[in-house]
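Presented below is the structure to which this report refers.
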Amino acid sequence: MAAVNASPVPSGEKLPSSHSIESGHTDIVHDAQMDYYGKRLATCSSDRSIRVFSVPQGSQGEHLLATLSGHDGPVWQICWGHPKFGSILASCSYDAKVIIWKEGAENQWIQAHVFKEHEASVNSIAWAPHEFGLCLACGSSDGTISVLTNKPDGSWDRVKIQQAHPVGVTSVSWAPSASPGSLLGDGRAGLIQKLVSGGCDNTVKVWKFADGHWKMDCFPPLSMHSDWVRDVAWAPNLGLPKNTIASASQDGTVVIWTQGREGDQWQGQLLHDFKSPVWRASWSLTGNILAVADATNSVTLWKEAVDGEWSQVNTIQ
């Protein structure tokens, strides 16, 4: 049975002690995500199931709280919704479905909504910042991105970005809700709904929602990779005067993209060539540390210095 390492990296720089959870999955585990409060861990697998665990607290060990079944293929990714909307999980699968799960009674989960409009594997999902409501972005191998929004009557509205990456979308990530510089009083404050996506066309694209439509907000697409972009991650900016995105690729590289102000051109900087495919990139809550997972089964932590140079600060084997 597959084991999951439950040692999340918080916004500070100290690493917690490692703890392994025996997941009980009978095939490869593709994703593991903590809930908002760090008290529960959800995992998903090629065995088509999702499992929810309590996270060990002190001397208390973990235990399985629920097993969710509903997909007909490997489950690639899971994502917890913000607790202001209740206890919500979303999952996406090779079966082309997105399922939104809702917890009613404690540890009793139902399928609140099943989205079946994609024509191929749904590879990535991400909940929007809670300021935009209950809103989920979904990237698919059919080349499109769907954005699902929960309406007051409980139904779901759907807007599609057609041909986002024609040969397949691998990853999606939301921008922070606050525009760059909004804490510095530069007059640009306000909520801006933006997404970044990565695809099998080796590019990274930024999208902006305006007048009821999603439009590409970077021209040309961001291109520094020579193979599939496996993951994209938009960093929290806490109102500081720049946007930052990390992209991780099958070509072994991670690129840091920055935009000084709204409307400026994005600038790419090679973080590192890992010499093996890079699967995931994930920012700390304050956006100052980047965790990178690559095909050598190691996770490295990176931090930006005052001069803008990035350096490795730790390795987790």
Side-chain angles (χ1 to χ4, degrees), residues 30-31 76-77 92 94 120-126 137-145 161-176 194-208 214-237 242-260 264-284 287 289-304 308-312 315:
H30 294 291
D31 197 15
W76 302 132
Q77 208 169 68
C92 64
Y94 180 79
S121 174
V122 182
N123 304 314
S124 181
I125 48 175
C138 318
S140 170
S141 290
D142 65 13
T144 69
I145 297 170
I161 305 174
Q162 300 287 356
Q163 298 295 298
H165 297 267
V167 288
V169 182
T170 57
S171 51
V172 290
S173 178
W174 288 87
K194 283 191 175 187
L195 278 171
V196 61
S197 61
C200 301
D201 56 4
N202 310 345
T203 70
V204 174
K205 295 181 180 180
V206 177
W207 307 90
K208 184 176 181 179
W214 286 93
K215 298 177 182 177
M216 201 164 79
D217 197 48
C218 61
F219 299 96
L222 309 183
S223 303
M224 280 182 62
H225 293 294
S226 59
D227 208 334
W228 290 13
V229 177
R230 287 289 186 182
D231 197 22
V232 288
W234 202 310
N237 67 19
K242 71 173 180 177
N243 277 313
T244 304
I245 293 168
S247 59
S249 172
Q250 181 76 17
D251 67 12
T253 67
V254 171
V255 174
I256 304 296
W257 304 92
T258 55
Q259 181 191 47
D264 287 357
Q265 289 291 319
W266 288 85
Q267 304 297 323
Q269 175 187 357
L270 178 67
L271 174 79
H272 187 68
D273 185 350
F274 291 83
K275 308 297 184 185
S276 65
V278 186
W279 306 128
R280 297 295 292 272
S282 179
W283 295 98
S284 63
I289 294 178
L290 181 69
V292 176
D294 64 46
T296 65
N297 291 328
S298 65
V299 176
T300 51
L301 303 183
W302 300 79
K303 188 172 183 179
E304 184 181 16
E309 293 299 312
W310 289 81
S311 59
Q312 185 178 333
T315 302

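Please read these numbers as outputs of a predicted model, since none were measured by experiment.
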Next item on the list: Run through V292, V229, T296, L271 and flag the one making a side-chain contact (heavy atoms from CB on, under 4.5 Å) with V278.
Entry: V292
Check: Got a sec, which residues hit side-chain hydrogen bond (donor to acceptor under 3.5 Å, both in side chains) with T170, two or more places apart in sequence or on another chain?
Finding: none
Item checked: Shortest non-hydrogen contact between A293 and V299, atoms and distance -> CB-CG2, 4.1 Å
Check: Considering the options V254, T244, T300, L301, which one meets the side-chain contact (heavy atoms from CB on, under 4.5 Å) requirement together with L290?
Finding: V254
Check: Who passes side-chain hydrogen bond (donor to acceptor under 3.5 Å, both in side chains) against W228, sequence neighbours left out?
Finding: none
Note to self: Just by distance, no angles: are the side chains of T258 and Q267 close enough, under 3.5 Å, to form a donor-acceptor pair?
What the structure shows: no
Check: Between Q163 and P166, which heavy-atom pair has the shortest distance, and what is it?
Finding: OE1-CB, 3.4 Å
Check: In Å, rounded to the nearest 0.5 Å, how long is the span from OG of S247 to CZ of R230?
Finding: 13.5 Å
Margin query: To the nearest 0.5 Å, what is the distance between OG on S124 and CD on Q77?
Written below: 4.0 Å
Next item on the list: Could I get the full list of ring-ring contact (aromatic ring centres under 6.0 Å, His included) partners for W174, not counting sequence neighbours?
Entry: W214
Next item on the list: Mind checking side-chain hydrogen bond (donor to acceptor under 3.5 Å, both in side chains) for N202 and listing every partner two or more places apart, or none if nothing turns up?
Entry: none
Notebook entry, point to check: What pairs with S249 under side-chain contact (heavy atoms from CB on, under 4.5 Å), at least two apart in sequence or on another chain?
Noted result: H225, D227, D251, T253
Checklist line | Closest approach of W310 to Q269 (non-hydrogen atoms, all atoms of both residues) | finding: CD1-NE2, 3.9 Å
Note to self: Suppose we screen for salt bridge (charged side-chain N to carboxylate O under 4.0 Å, His left out). Which residues come up paired with D142, at least two apart in sequence or across chains?
What the structure shows: none
Margin query: Restricting to non-hydrogen atoms, name the atom on W279 and the atom on Q250 that form the minimum distance, rounded to 0.1 Å.
Written below: CZ3-OE1, 3.8 Å
Checklist line | Inter-residue atom distance K242.NZ - W266.CH2, 0.5 Å rounding | finding: 10.5 Å
Next item on the list: Given side-chain contact (heavy atoms from CB on, under 4.5 Å), test I245 with V206 step by step and report yes or no.
Entry: CA-CA 10 Å; I245 293 168; V206 177; 4.0 Å; yes
Next item on the list: Enter the distance from D294:CG to H272:NE2 here, rounded to the nearest 0.5 Å.
Entry: 8.5 Å
Notebook entry, point to check: Can you list every pair that meets salt bridge (charged side-chain N to carboxylate O under 4.0 Å, His left out) and has a residue in residues 266-282, with sequence neighbours left out?
Noted result: D31-R280, D231-R280, D273-K275
Item checked: Under the side-chain hydrogen bond (donor to acceptor under 3.5 Å, both in side chains) test, residues paired with H30 that sit two or more places apart -> S46
Margin query: Let me confirm one number: the OG-CD1 distance from S140 to I125, rounded to the nearest 0.5 Å.
Written below: 12.5 Å
Next item on the list: Any pair with a residue in residues 214-225 that passes salt bridge (charged side-chain N to carboxylate O under 4.0 Å, His left out), sequence neighbours left out, goes on the list, sorted by first then second residue, please.
Entry: K194-D217
Next item on the list: Give the minimum heavy-atom separation between A281 and A233, together with the two atoms involved.
Entry: O-CB, 3.5 Å
Next item on the list: Tell me, please, which residues at least two apart from P236 pass side-chain contact (heavy atoms from CB on, under 4.5 Å).
Entry: W283
Next item on the list: Please report the shortest heavy-atom distance between A164 and V169, naming the atom on each side.
Entry: CB-CG2, 4.2 Å
Note to self: Measuring centre to centre across the rings, with the benzene-like ring taken for any Trp, is W207 within less than 6.0 Å of W234?
What the structure shows: no
Item checked: Qualifying residues under side-chain contact (heavy atoms from CB on, under 4.5 Å), relative to T203, sequence neighbours excluded -> H165, D201, K205, P221, S223
Next item on the list: Just jot down the side-chain contact (heavy atoms from CB on, under 4.5 Å) partners of Q162, sequence neighbours excluded, or say none.
Entry: T144, K160
Margin query: Taking the side chain as everything from C-beta on, heavy atoms only, tell me whether V172 gets closer than 4.5 Å to S197.
Written below: yes
